[in-house]
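Just so you know, residue 1 is the first one in the sequence shown, and it goes up from there. Reckoned from all heavy atoms, side chains included, excluding hydrogens, waters and symmetry mates.
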Amino acid sequence: MSTIIDVIDGHEIHESDLMPISERVNPDIIAAGHLVEYELVFEGKVRHAVFFTRTGIQFASTLLDHGGDDAIR
């Protein structure tokens, strides 16, 4: 496990949670409520940590139960 670099809204943010520099998640997924994104500065660079929400976990679980996203469409 990597070093804790911050705590935001009660969530420990580890270095391993950070997306590569300048990479972001599709904003539509965040808007749909499946993920939450935290922005922070680490080693002088803006980085993003992304975590599933409860809704996102339920959605992903449904996808897996039905064999992928083709089964839901």
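- Ring pair His11/Phe51 is parallel by interplanar angle, where below 30° counts as parallel and above 60° as perpendicular.
- A continuous path of ILVMFWY side-chain contacts below 4.5 Å connects Phe52 to Val50, so both sit in one hydrophobic cluster.
- Between Phe42 and Glu15, the closest side-chain pair of non-hydrogen atoms falls below 4.5 Å.
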Quiz item: Step by step, would you call Val36 with Ile30 a side-chain contact (heavy atoms from CB on, under 4.5 Å)?
Solution: CA-CA 6 Å; Val36 62; Ile30 294 171; over 6 Å; no
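- Between Glu37 and Arg24 there is a salt bridge, with a side-chain nitrogen of the basic residue lying less than 4.0 Å from a carboxylate oxygen of the acidic one.
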Exercise. List the steps and the verdict of side-chain contact (heavy atoms from CB on, under 4.5 Å) for Thr3 and His14.
Key: CA-CA 6 Å; Thr3 305; His14 295 257; over 6 Å; no
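- Here the side chains of Val25 and Met19 are in contact, with some heavy-atom distance below 4.5 Å.
- Checked against Arg47 for a side-chain contact (heavy atoms from CB on, under 4.5 Å), the options Leu18, Val41, Asp17 give a single hit: Leu18.
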Exercise. Could you walk me through whether Ile5 and Leu40 pass side-chain contact (heavy atoms from CB on, under 4.5 Å), step by step?
Key: CA-CA 10 Å; Ile5 57 173; Leu40 56 127; 3.7 Å; yes
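- Not a single donor-acceptor pair under 3.5 Å links the side chain of Ser61 to the backbone N or O of Ile57.
- Of all heavy-atom pairs spanning Ile13 and Ala49, the tightest one is CG2-CB, 3.9 Å.
- Side chain of Thr53 to backbone of His34: a donor-acceptor contact under 3.5 angstrom is found.
- One N or O on the side chain of Asn26 and one on the backbone of Asp28 form a donor-acceptor pair closer than 3.5 Å.
- The NE2 atom of His48 sits 13.0 Å away from atom CG of Leu35, with the distance rounded to the nearest 0.5 Å.
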